[in-house]
Engineer: 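Below: one structure in structure tokens.
Since the model is a prediction, treat every value here as computed from it, not as a measurement.
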Amino acid sequence: MGALVYIAKRFGLYLAVLFIGLSITFLLPRLMPINPVDGYIGQIQSRANGALSAEAIAELRDNLENLYGLKGNLFTQYVDYMKRIVFSFDFGPSFTYFPQPVSQMLMAALPWTLSLLLTATVIAWTLGNLVGLVAGYFHTKKAASILEFVGILLYPIPYYILAVTVLLLLAYVFPVFPLSATFPVGQMSWEKVGMIIYNSLLPGITLVLAGFGWNILSMKALAVATTEEPYVIYARLKGASNWTRMTRYVFRNALLPQVTALALSLGMVFNGALLTEMIFSYPGIGLVMRAAATGGDYNVLYGAITISIIAVATAGLVIDLLYPLLDPRIRHK
């Protein structure tokens, strides 16, 4: 019974987060100074050399507001928006690429973003925690100081500076990778897959380096604190080897906060998509969001931000449900 109550509470919190996030997503674009309907009408007028009459413009405005869910007062728009999102996941057509549906645009860009950012995040988390564990457990050794220095060196560097530096070094000074990546489209073949992987390595390296430093420092701090715990000292007095104490006692207990950090990182991969895809010309959600923001494309912004909210909330729900399996103390409570 206790497990069902725990799951019900977490799921209720999950739904509340989604509701609040979707509501904020509805309001934010309407606070932007750009009116997409006015912009679209202005484009049509310029093409027609101002030949549209006032009646034609009024009729066009009425049709556009109906098409994009902007008809009526704010409450009416909100109710219609929630119905479309919750029941059919329909964001309507794109303003900029009319009549292409927003859902189709996002589904085409989503695999690119997920494959790159998820892979890089998991690699950075795994390597950073392994290095941080060794540096923390053997913190009195000189080699541990060197490992810690790597984390201290990488962590404070802003991502855009790190990305531009890696791009210049590995694509310009030492042309290992292309300066301007080319990603093939159309039906996939092994040759195209190889080309995609090759062109994705450079942005992947920068993402791994960006997350590597933080994981080293955080795991090292946790490992140092855990090493001084009584149960670790007791294991040493019992004669347990360094490997046993490091993996079974220190790592398992220090890993719990890092699992939470991983879940949040996986949920927030879209935060790093914009800069990565702009710098490396990588096709994905980031470029779609940039075009939508500059063009006042409400519907695309709705879709991209909604996917990000769902990802973050789902990651939080998953880690809440997994934590009792990882930590017996929570399971006992």
Side-chain angles (χ1 to χ4, degrees), residues 110-139 143-144 146-163 166 197 200-227 243 246-277 279-280 282 284-286 307-308 310-327 330:
L110 190 60
W112 293 91
T113 297
L114 290 180
S115 60
L116 174 65
L117 273 78
L118 285 180
T119 302
T121 300
V122 172
I123 292 175
W125 184 85
T126 303
L127 294 178
N129 279 290
L130 291 177
V131 173
L133 174 66
V134 174
Y137 185 80
F138 298 102
H139 60 276
I146 297 174
L147 296 176
E148 183 181 13
F149 176 75
V150 173
I152 294 173
L153 182 66
L154 291 174
Y155 175 61
I157 303 177
Y159 175 74
Y160 59 90
I161 294 179
L162 179 64
V166 173
I197 294 175
S200 301
L201 285 176
L202 193 57
I205 289 172
T206 62
L207 289 169
V208 170
L209 291 176
F212 188 59
W214 163 250
N215 286 308
I216 290 177
L217 295 178
S218 56
M219 175 52 84
K220 179 183 182 298
L222 291 168
V224 170
T226 308
T227 303
W243 175 260
M246 183 174 67
T247 55
R248 296 186 58 185
Y249 291 85
V250 176
F251 183 63
R252 289 183 61 183
N253 288 278
L255 187 64
L256 297 174
Q258 297 298 86
V259 171
T260 303
L262 174 63
L264 295 177
S265 298
L266 292 177
M268 299 175 68
V269 293
F270 300 102
N271 290 355
L274 184 59
L275 273 178
T276 302
E277 294 171 10
I279 293 173
F280 295 98
Y282 188 85
I285 295 290
I307 290 177
S308 179
I310 293 174
V312 174
T314 303
L317 175 64
V318 170
I319 195 59
D320 278 343
L321 296 180
L322 288 180
Y323 240 148
L325 302 178
L326 298 173
D327 191 346
I330 297 178

Engineer: Do you know which of Thr226, Leu133, Thr227 makes side chain to side chain contact (heavy atoms under 4.5 Å, CB included) with Met246?
Structural biologist: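 Among Thr226, Leu133, Thr227, the one that satisfies the side chain to side chain contact (heavy atoms under 4.5 Å, CB included) with Met246 is Leu133.
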Engineer: Measuring from atom CH2 of Trp243 to atom OH of Tyr137, what distance do you get when rounded to the nearest 0.5 angstrom?
Structural biologist: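 If I round to the nearest 0.5 Å, the distance is 11.5 Å.
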Engineer: Once rounded to the nearest 0.5 Å, what's the spacing between atom CG of Leu127 and atom CH2 of Trp125?
Structural biologist: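 Between Leu127 CG and Trp125 CH2, I get 11.0 Å after rounding to 0.5 Å.
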Engineer: What's the separation between atom CD1 in Ile123 and atom CD1 in Ile205, rounded to the nearest 0.5 Å?
Structural biologist: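 If we round to the nearest 0.5 Å, Ile123:CD1 and Ile205:CD1 are 10.0 Å apart.
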Engineer: Looking at every heavy atom in both Gln258 and Ser218, which two are closest together, and how far apart are they?
Structural biologist: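 Where Gln258 meets Ser218 most closely, the heavy atoms are NE2-OG, 3.0 Å.
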Engineer: Within this structure, what is the CD1-OG1 distance for the pair Ile307 and Thr314, rounded to the nearest 0.5 Å?
Structural biologist: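 Reported to 0.5 Å precision, the distance equals 11.5 Å.
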Engineer: Would you mind reporting whether Leu207 and Thr121 have side-chain heavy atoms less than 4.5 Å apart?
Structural biologist: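 Side chain of Thr121 against side chain of Leu207, heavy atoms only: no contact under 4.5 Å found.
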Engineer: Between Ser115 and Trp112 (side chain of the first, backbone of the second, donor and acceptor by atom type, cut-off under 3.5 Å), is there such a pair?
Structural biologist: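 Yes, Ser115 side chain to Trp112 backbone: donor-acceptor pair under 3.5 Å.
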Engineer: So, for Ala254 and Ala223, which heavy atoms are closest and what is the spacing to 0.1 Å?
Structural biologist: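 For Ala254 and Ala223, the tightest heavy-atom pair comes out as CB-N, 4.3 Å.
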Engineer: Using modelled atom types only, decide if a donor and an acceptor are shared between the side chain of Thr206 and the backbone of Pro203 within a distance under 3.5 Å.
Structural biologist: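 Side chain of Thr206 to backbone of Pro203, a donor-acceptor pair under 3.5 Å: yes, one is there.
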Engineer: Once rounded to the nearest 0.5 Å, what's the spacing between atom CD1 of Ile216 and atom CG of Leu130?
Structural biologist: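 It is 10.5 Å, given to the nearest 0.5 Å.
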